[in-house]
Number of protein chains: 2
Amino acid sequence: MKVTTKTKYALLSLSEFDREEKIISIRQLSEKYSISKKYLERIFCDLESCGIVEGKRGPKGGYKLSKPPSQITLKDIIESLEKEVKVMDCEGIRLQCPFNKNCRIIPFWKTLNKLIEDYLGSVTLEQILRKEVVDGSKS
Amino acid sequence: MKVTTKTKYALLSLSEFDREEKIISIRQLSEKYSISKKYLERIFCDLESCGIVEGKRGPKGGYKLSKPPSQITLKDIIESLEKEVKVMDCEGIRLQCPFNKNCRIIPFWKTLNKLIEDYLGSVTLEQILRKEVVDGSKS
DNA sequence: TATAATACCTACTATTAAGGTAGGAATTAT
DNA sequence: ATAATTCCTACCTTAATAGTAGGTATTATA
């Protein structure tokens with residue numbers, strides 16, 4: 001029930017891109033956050049293939065956002081990096097349970113999945129940059 | 001970002017206990033849901049050590065709930081079986097990120113953790129038994 | 001009081017996913 | 001030409017998941 005370090009590192013890194021035009025290299029990010037350069041490369045390849053960032057090669061190259069931060073949600077980011085975003089998927093390929101149709105648990109898993117999905121979809125990178133995500137754990 | 005099969009099997013099994021007094025054996029549950037008997041045993045040991053069920057040995061033995069279903073939340077169950085309930089814990093032991101104090105991401109993780117925790121704490125086993133958990137994915 | 005059914009306990013094993021590393025090829029500003 | 005970058009593929013190590021195996025302790029009941 002944990003999010004992987006890929007997502008953790010991606011969010012930290014992406015929080016440096018405060019404008020759509022800003023170009024930052026993997027080396028800079030790797031040094032600032034003490035994250036393995038090679039690992040970050042792989043993370044940004046994933047982000048690129050999902051249309052979140054664009055790479056530019058050569059000196060002064062690096063990555064930039066392919067959309068303004070206001071149009072990138074955390075759902076987009078997490079879906080690029082996590083194998084499975086749903087916390088539990090009883091209807092996937094390997095459904096071992098023979099009671100799927102009348103299962104009393106499935107509605108609960110669906111609701112939980114949707115709760116998470118909706119929240120992730122509602123938070124944008126811009127909100128994080130501006131510290132607009134209220135810390136709900138204190139309320 | 002997935003819940004383990006332990007929790008999946010536990011919920012399926014616990015959904016058979018519709019009264020606090022009802023005693024069901026591992027064998028019965030294992031046969032009904034085609035879950036490994038040995039694995040289920042281990043799951044129920046965890047549930048017992050967290051005070052959710054009580055075992056009774058001997059013939060006609062088995063497990064029963066140690067509280068009425070209305071007083072058992074899914075949070076209780078999941079916390080008994082999952083190593084980590086928080087989706088991301090930046091403040092745990094292995095905090096590699098040197099920017100914890102001023103991190104712009106932490107409030108987001110906290111909010112997400114709390115969202116999940118609150119939901120899990122709000123759903124009782126009784127609600128699941130009575131199919132009172134609305135499938136939120138359709139709305 | 002023997003038997004059989006159950007929970008309970010500890011150690012082991014196999015598979016998969018996470019979290020990286022390594023080595024290079026392609027591109028491009030200077 | 002060079003050096004800095006992204007981009008690509010394969011590999012490695014560790015830890016967690018998902019079980020198995022083999023037994024011991026307890027207890028209803030015949």
Side-chain angles (χ1 to χ4, degrees), chain A residues 1-10 12-13 22-31 33-50 52-66 78 80-89 92-94 96-97, chain B residues 1-10 12-13 22-31 33-50 52-66 78 81-85 87-89 92-94 96-97:
Chain A
M1 192 142 177
K2 283 199 94 166
V3 165
T4 64
T5 56
K6 274 193 173 183
T7 295
K8 178 177 179 175
Y9 296 161
L12 281 171
S13 300
K22 193 166 189 174
I23 293 186
I24 311 177
S25 70
I26 295 292
R27 185 182 44 73
Q28 290 173 297
L29 293 168
S30 143
E31 284 170 4
Y33 290 105
S34 308
I35 302 169
S36 148
K37 193 162 160 265
K38 284 291 182 183
Y39 199 34
L40 253 191
E41 276 181 4
R42 287 221 344 217
I43 291 169
F44 272 81
C45 279
D46 289 345
L47 291 172
E48 176 159 58
S49 70
C50 290
I52 291 172
V53 298
E54 286 169 9
K56 196 191 164 200
R57 297 184 185 187
K60 299 206 173 164
Y63 283 95
K64 65 180 280 294
L65 302 180
S66 56
I78 291 182
S80 309
L81 299 164
E82 299 289 325
K83 174 171 280 185
E84 185 76 60
V85 176
K86 285 182 179 172
V87 164
M88 171 60 72
D89 187 7
I93 303 161
R94 299 191 57 198
Q96 300 146 329
C97 168
Chain B
M1 191 140 176
K2 284 200 93 168
V3 165
T4 65
T5 56
K6 273 193 174 185
T7 294
K8 179 179 180 176
Y9 296 161
L12 280 172
S13 301
K22 192 165 190 173
I23 293 186
I24 311 178
S25 71
I26 294 292
R27 185 181 46 71
Q28 290 172 297
L29 293 169
S30 144
E31 284 170 5
Y33 289 106
S34 308
I35 301 168
S36 147
K37 191 161 163 264
K38 284 293 184 183
Y39 198 34
L40 253 191
E41 276 182 1
R42 286 223 342 220
I43 291 169
F44 272 80
C45 279
D46 289 346
L47 291 172
E48 176 159 57
S49 70
C50 290
I52 292 173
V53 297
E54 286 169 9
K56 196 192 165 200
R57 297 186 185 185
K60 299 205 173 165
Y63 283 96
K64 65 180 280 294
L65 301 179
S66 57
I78 291 182
L81 299 165
E82 299 289 322
K83 174 171 278 183
E84 184 77 59
V85 176
V87 164
M88 171 60 73
D89 187 7
I93 303 161
R94 298 192 57 199
Q96 299 144 331
C97 168

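Proteins get letters first, then strands, A, B, ... in listed order; numbering begins at 1 in each.
With rounding to whole Å, A:E54 atom CD is found 14 Å from D:dT6 atom P. We find that CG of A:L81 is positioned 13 Å from C1' of C:dA18, with the value rounded to whole Å. Look at NZ on B:K2: it is 15 Å from C1' on C:dA18, rounded to the nearest Å. Put simply, NZ on A:K38 is 15 Å from P on D:dA10, counting in whole angstrom units. Between B:R27 atom CZ and C:dC8 atom C1' there is a gap of 17 Å when expressed in whole angstrom units. Rounding to whole angstrom units, NZ of residue B:K37 and C1' of C:dC8 are separated by 12 Å. The separation between B:I24 atom CD1 and C:dA7 atom C1' is 15 Å, rounded to whole Å. For B:L47 and C:dC8, the CG to P distance is 11 Å, given to the nearest whole Å.
Taking 4.0 angstrom as the limit, A:S25 places none of its side-chain polar atoms (N or O) nearer than this to OP1 or OP2 of D:dA4.
A distance-only check finds no donor-acceptor pair linking the side chain of B:S30 to the backbone of B:S36 [under 3.5 Å].
Taking only side-chain atoms of B:Y63, from C-beta outward, the nucleotide of D:dC7, D:dT5, C:dC8 with the closest atom is C:dC8.
Applying the 6.0 Å contact sphere to NZ of B:K60 captures no more than 12 heavy atoms from other residues, nucleotides or ligands. In this structure, A:K86 places its NZ atom where only 12 or fewer heavy-atom neighbours from other residues, nucleotides or ligands lie under 6.0 Å away.
Across all strands shown, B:F44 has no heavy atoms under 4.0 Å from either base or sugar-phosphate atoms. Using a 4.0 Å heavy-atom cutoff across all strands shown, A:E41 reaches at least one base atom of the nucleic acid.
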(Q) Walk along nucleotides 25-30 of chain D from 5' to 3' and tag each nucleotide B, S or - by protein heavy-atom contact under 4.0 Å, base first, then sugar-phosphate. (A) BBBBS-
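Counting only heavy atoms from C-beta outward, the side chains of B:K8 and A:M88 approach each other to under 4.5 Å.
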Protein and nucleotides 16-18 of chain D: nitrogen or oxygen contacts under 3.5 angstrom:
from   : atom 1 : to   : atom 2 : distance (Å)
D:dA18 : OP2    : B:T5 : N      : 3.0
D:dA18 : OP2    : B:T5 : OG1    : 3.2
D:dA18 : O5'    : B:T5 : OG1    : 3.4

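Taking the side chain to side chain donor-acceptor pair (under 3.5 Å) definition, one finds that A:T4 meets it with A:E82, sequence neighbours left out.
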Q | Working for side-chain contact (heavy atoms from CB on, under 4.5 Å), residues A:L29 and A:I35 | A | CA-CA 8 Å; A:L29 293 168; A:I35 302 169; over 6 Å; no
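Using cut-offs of 30° and 60° on the angle between ring planes, the pair A:F44 and A:Y63 is tilted.
For the atom pair OG of B:S13 and CG of B:L47, the computed distance is 8.5 Å after rounding to the nearest 0.5 Å.
Residue A:M1 comes nearest to B:E84 through the heavy atom pair CB-O, 3.4 Å, listed as atom of the first residue, atom of the second, then distance.
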